[in-house]
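Chain letters run A, B, ... following the sequence lines, proteins first and then strands; every chain starts at 1.
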Number of protein chains: 2
Amino acid sequence: MSTPAMRSDAQDVYRRYLSSVMLHGLASAKACGLGASDLYVLNILELAGAMTPGEIVTRTGLTTGPTTRLIDRLEAAGYVRRVPAPDDRRKVIVEPVGKPAALDETMAPARRRVGDLMRGYTPEQLAVLFDYFERATDAYQEANDELRAAED
Amino acid sequence: MSTPAMRSDAQDVYRRYLSSVMLHGLASAKACGLGASDLYVLNILELAGAMTPGEIVTRTGLTTGPTTRLIDRLEAAGYVRRVPAPDDRRKVIVEPVGKPAALDETMAPARRRVGDLMRGYTPEQLAVLFDYFERATDAYQEANDELRAAED
DNA sequence: CCTAATCTCTTCCTTAGAGAAGAGAAATCT
DNA sequence: AGATTTCTCTTCTCTAAGGAAGAGATTAGG
């Protein structure tokens, strides 16, 4: 099937790029039996590090019931681990466990291709790309905070 | 390949970047009342262009029933439009409508920040970035095809 | 033509995920 | 120490998304 490979303008290129990233992420998650909320929380943990269920509640906007079972699912699937908080024995800390085989495997085709792609760039070009990756990560996180703040 | 301390800092930066993109996408979708599958299909339409419900069925792995209602939701929300296929009166073509206000609005904070970010690069650096965006789009699409093929 | 195949949509059923309310345990405050 | 607050987890209920089977309409084939 023919996708129009015409030269689009920059915004189109970027939108298509974002769509492809989303698409791949969602497809990978589904292939691992993860729902959207599970993936959502997993990404939060990836970005912000270990946190308590209560913090997950405030970040996701879910209530505590579903959150507990979401953590149960993630824990059962081996994506996170519950450890007691040292300072407060009521609390539990949910910490991500190194990406396990299932998710790692579904990511493999993309990782290989992106790896190949990156090997085609010079060190200077790679520096630009990774500078962008780091700054864009912050930008999206800030945008998320803004979104969340706007909803309350 | 096996687990633990791949000290690769770059890989971490990239993973965090991907997480932030996913996170933002999911948060935006949720803010617009879209589910993960809805967003999934919307991204497919964005990338591959208009297609029939049957093609969406094969691409998503859903069955026809949920797909019909998914399209209903997207159409009701103004994201897509159903038009009759010219060559076959049984068929319907689902085509994306220009991103409507709701989704556009939730994307605004991110777009502004990424816009600012990009204005900080030289034309040469931007060329590198957009070269990457285009190639990575293809890479992820191919990876998705590979994933889909592996599941059948 | 009449039959078989294709395509979309409808209906019914099942199940996973989210909300509400509350219990139990532990920390904090007076 | 006693009371209040905080935090996690449990239970019940409800909604919404997904699968299965089939109806209606249209095209293709003998």
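- Classified by interplanar angle (parallel below 30°, tilted 30° to 60°, perpendicular above 60°), the ring pair B:F133/A:Y17 is tilted.
- Rounded to an integer number of Å, the gap from CG of B:L70 to C1' of C:dT8 is 15 Å.
- The number of heavy-atom neighbours closer than 6.0 Å to CD of B:E105, taken from other residues, nucleotides and ligands shown, is 12 or below.
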### Query
Are A:Y140 and B:L23 close enough, and set up right, to give a side-chain contact (heavy atoms from CB on, under 4.5 Å), and what steps lead you there?
CA-CA 8 Å; A:Y140 280 115; B:L23 197 55; over 6 Å; no

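- The ring of A:Y121 has its center no closer than 6.0 angstrom to the ring center of A:F130.
- Residue contacts shown for B:G54 are limited to sugar-phosphate atoms, with no base heavy atom under 4.0 Å away.
- Listed candidates were D:dG19, C:dG19, C:dG17. Nearest to the side chain of B:P66 is D:dG19.
- Put simply, CE on B:M51 is 12 Å from P on C:dT8, counting in whole angstrom units.
- Nucleotide C:dA16 holds its P atom 16 Å from the NZ atom of A:K30, rounded to whole Å.
- Both A:L34 and B:P53 lie close to DNA chain C; mapped to their nearest nucleotides by heavy-atom distance, the more 5′-ward contact belongs to B:P53.
- A salt bridge does not link B:R16 to B:D12: none of the charged side-chain nitrogens sits closer than 4.0 Å to a carboxylate oxygen.
- Between A:R73 and the phosphate of C:dG17, there is a side-chain N or O to OP1/OP2 separation shorter than 4.0 Å.
- Distance CE/B:M118 to CD/B:Q125: 12.0 Å, rounded to 0.5 Å.
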When you compare the protein's N or O atoms with those of nucleotides 22-27 of chain C, which come within less than 3.5 Å of each other, and at what distance?
{"from": "C:dA27", "atom 1": "OP1", "to": "A:R89", "atom 2": "N", "distance (Å)": "3.1"}

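- A sub-4.0 Å separation between OP1 or OP2 of D:dC7 and a side-chain N or O of A:T52 is absent.
- Across the protein-nucleic acid pair, B:R69 atom CZ and C:dT14 atom P stand 15 Å apart, rounded to whole Å.
- Distances were taken from every side-chain heavy atom of A:S37 (C-beta onward) to each of D:dC9, C:dA18, C:dC9; the shortest belongs to C:dA18.
- In this structure, A:Y40 atom OH and C:dG17 atom P are separated by 17 Å, rounded to whole Å.
- In this structure, A:K91 places its NZ atom 12 Å from P of D:dT6, rounding to the nearest Å.
- One can place CD1 of A:I56 at 14 Å from P of D:dC7, the figure rounded to the nearest angstrom.
- The nearest whole Å value for the distance from the CG atom in B:L62 to the C1' atom in C:dT8 is 15 Å.
- Judged by distance alone, with hydrogens and angles left aside, the side-chain atoms of B:N43 form a donor-acceptor pair with the main-chain N or O of B:L39 at under 3.5 Å.
- Between A:R82 and D:dC9 there is a side-chain N or O to OP1 or OP2 distance below 4.0 Å.
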